[in-house]
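Remarks on the structure that follows.
Heads up: numbering here begins at 1 and tracks the sequence.
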Amino acid sequence: MPLLNEARTPEGLRLYAIGDVHGCLDKLVTIHEWIAADLDDQRPPDWRVVHVGDYVDRGPDSRGVVDYLIELTANDPRQICLMGNHDQMFAESIAGSPRYVSIWMEHGGVETLASYGLTRDAMERKIFDGVGFDDEIPPRHIEFLLGLCHYVHYGDYFFAHAGIDPDHPLADQEPRDLMWIRDPFLRDERDHGAVVIHGHTPVSKLDIRLNRIGIDTAAVFGGSLSCIVLDGKMKGRLMPDGVAPLN
């Protein structure tokens with residue numbers, strides 16, 4: 001299969017991929033305004049927008065991001081949302097699973113709860129008492145997050161939140177690896193059968209390799225929210241005034 005230099009999208013399909021949002025609603029809305037302008041300018045026969053996950057935690061408005069994405073995907077099936085590890089931790093913690101509660105709280109869960117009007121103490125009391133969160137967290141938010149897919153594959157591109165297990169074929173990937181893996185994936189230089197587009201590991205600029213592109217450019221830590229554009233053999237980064245070459 002081609003590596004990045006020769007990778008292609010399916011004929012007539014323009015792909016957009018958006019990095020980790022982490023509660024940065026304003027940056028996400030801006031990216032979608034840029035996408036709308038680019039679509040109006042290019043008018044491709046077909047297109048998809050792939051959000052690579054981590055919509056919640058750390059940032060100021062996780063609730064607003066989830067609301068926005070629910071409406072976006074309900075109105076257009078070409079808008080695709082993958083599950084990130086933070087989305088999994090939040091949804092499973094609120095749904096009653098104790099395995100992620102502690103790690104989630106220490107890695108952005110407190111900020112997510114605040115966006116729903118909850119404190120950490122209030123959440124822990126509810127879990128201890130076996131009380132649900134329906135009054136604060138809309139059930140559709142949890143249903144949306146738990147229902148997210150783990151990957152999509154278009155042409156020579158494979159999209160997942162964290163990456164893949166490089167020792168297994170793309171068709172045999174485990175959900176945990178797709179959401180959580182770093183090493184050995186990040187160090188592996190082999191051809192995986194498709195160029196992997198992923199987030200999860202924050203970088204100061206797009207991490208462009210022959211076999212993968214990391215697009216988590218640390219929006220929640222003051223960086224930009226990145227969106228790459230793939231169309232045929234063209235690879236670019238979406239900017240306010242259009243698509244710039246990917247470099």
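For Thr9 and Arg48, the side-chain atoms include no donor-acceptor pair closer than 3.5 Å. Looking only at atom types and distance, the side chain of His198 has no donor-acceptor partner in the side chain of Asp216 under 3.5 Å away.
Checked against the 6.0 Å centroid threshold, His51 and His32 count as a close aromatic pair.
The shortest side-chain heavy-atom distance between His141 and Arg63 falls under the 4.5 Å cut-off. Between Pro44 and Asp46, the closest side-chain pair of non-hydrogen atoms is not below 4.5 Å. In this structure, Leu246 and Ile213 have side chains that are in contact, with non-hydrogen atoms separated by less than 4.5 Å. In this structure, Thr217 and Val203 have side chains that are in contact, with non-hydrogen atoms separated by less than 4.5 Å. Contact annotation: the side chain of Asp26 never approaches that of Thr30 to less than 4.5 Å [non-hydrogen atoms, C-beta and beyond]. At a threshold of 4.5 Å between non-hydrogen side-chain atoms, the residues Met83 and His161 do not count as touching. Residues Asp38 and Tyr16 form a side-chain contact, since some pair of their non-hydrogen atoms from C-beta on lies under 4.5 Å apart. Contact of the Ser226 side chain with the Arg237 side chain is registered, since non-hydrogen atoms from C-beta on lie closer than 4.5 Å.
Residues Val29 and Leu225 are members of one and the same hydrophobic cluster, defined by side-chain heavy-atom contacts under 4.5 angstrom among Ile, Leu, Val, Met, Phe, Trp and Tyr. Each of Val196 and Val50 belongs to its own hydrophobic cluster when Ile, Leu, Val, Met, Phe, Trp and Tyr are linked at side-chain heavy-atom distances under 4.5 angstrom. Phe158 and Leu15 end up in different hydrophobic clusters when Ile, Leu, Val, Met, Phe, Trp and Tyr side chains are linked at under 4.5 Å. Under a hydrophobic clustering in which Ile, Leu, Val, Met, Phe, Trp and Tyr are joined whenever their side-chain heavy atoms come within less than 4.5 Å, directly or via other members, Ile215 and Tyr154 fall into the same cluster. Cluster annotation: Tyr68 is connected to Val56 through the hydrophobic network of ILVMFWY side chains, with a link wherever side-chain heavy atoms come within less than 4.5 Å.
The CG atom of Leu82 sits 9.0 Å away from atom CG of Leu178, with the distance rounded to the nearest 0.5 Å. With rounding to the nearest 0.5 angstrom, the NE2 atom of His192 is 4.0 Å from the CG atom of Asn211. Within the model, atoms CG of Leu69 and SG of Cys81 stand 4.5 Å from one another, a figure rounded to the nearest 0.5 Å. From Asp57, atom CG reaches atom CE of Met105 across 10.0 Å, with rounding to the nearest 0.5 Å. Between the CG atom in Leu72 and the CG atom in Asp67 there is a gap of 12.0 Å [rounded to 0.5 Å]. Atom CD1 of Ile197 and atom CD1 of Ile228 lie 4.0 Å apart (nearest 0.5 Å).
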I would like to know whether Asp61 and Lys27 meet salt bridge (charged side-chain N to carboxylate O under 4.0 Å, His left out); could you show each step before the answer?
CA-CA 11 Å; Asp61 196 2; Lys27 294 183 179 182; over 6 Å; no
When you look at Leu3 and Arg209, which way does the side chain to side chain contact (heavy atoms under 4.5 Å, CB included) test go after all the steps?
CA-CA 9 Å; Leu3 292 172; Arg209 309 296 178 98; over 6 Å; no
Apply side chain to side chain contact (heavy atoms under 4.5 Å, CB included) to Tyr55 and Leu148, showing your working.
CA-CA 11 Å; Tyr55 313 114; Leu148 296 174; 3.7 Å; yes
Run the numbers on Thr73 and Phe144 for side chain to side chain contact (heavy atoms under 4.5 Å, CB included), then give the verdict.
CA-CA 10 Å; Thr73 54; Phe144 169 75; 3.7 Å; yes
Assess the residue pair His107 and His86 against the criterion (ring pair (Phe, Tyr, Trp, His ring centres under 6.0 Å)); give the C-alpha distance rounded to whole Å, side-chain angles, the decisive distance to 0.1 Å, and a yes or no.
CA-CA 8 Å; His107 291 84; His86 283 264; 7.1 Å; no
Stepwise, does the side chain to side chain contact (heavy atoms under 4.5 Å, CB included) test hold for Ile31 with Val21?
CA-CA 11 Å; Ile31 287 289; Val21 181; over 6 Å; no
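In plain terms, the two heavy atoms of Trp180 and Met89 that are nearest each other are CH2-SD, 3.7 Å. Leu4 and Lys235 make their closest contact through O-CE, 2.9 Å (heavy atoms, listed as atom of the first residue, atom of the second, distance). Arg182 and Pro202 make their closest contact through NH2-CD, 4.2 Å (heavy atoms, listed as atom of the first residue, atom of the second, distance). The minimum heavy-atom distance linking Pro60 with Gly23 is given by the pair CD-O, 3.4 Å. Taking every heavy atom of both residues into account, Leu25 and Gly64 meet most closely at CD1-O, 3.8 Å.
For the pair Asp165 and Arg176, the salt-bridge criterion is not met [side-chain N within less than 4.0 Å of a carboxylate O].
In this structure, Asp156 contributes its side chain and Ala194 its backbone to no donor-acceptor pair below 3.5 Å. Not a single donor-acceptor pair under 3.5 Å links the side chain of Gln88 to the backbone N or O of Gly84.
Partner Ile94 forms a side-chain contact (heavy atoms from CB on, under 4.5 Å) with one of Ile142, Leu145, Leu146 and no other, that one being Ile142.
The environment of CZ in Arg190 is crowded: more than 12 heavy-atom neighbours from other residues, nucleotides or ligands sit within 6.0 Å. The number of heavy atoms from other shown groups lying within 6.0 Å of CZ (Phe185) is above 12.
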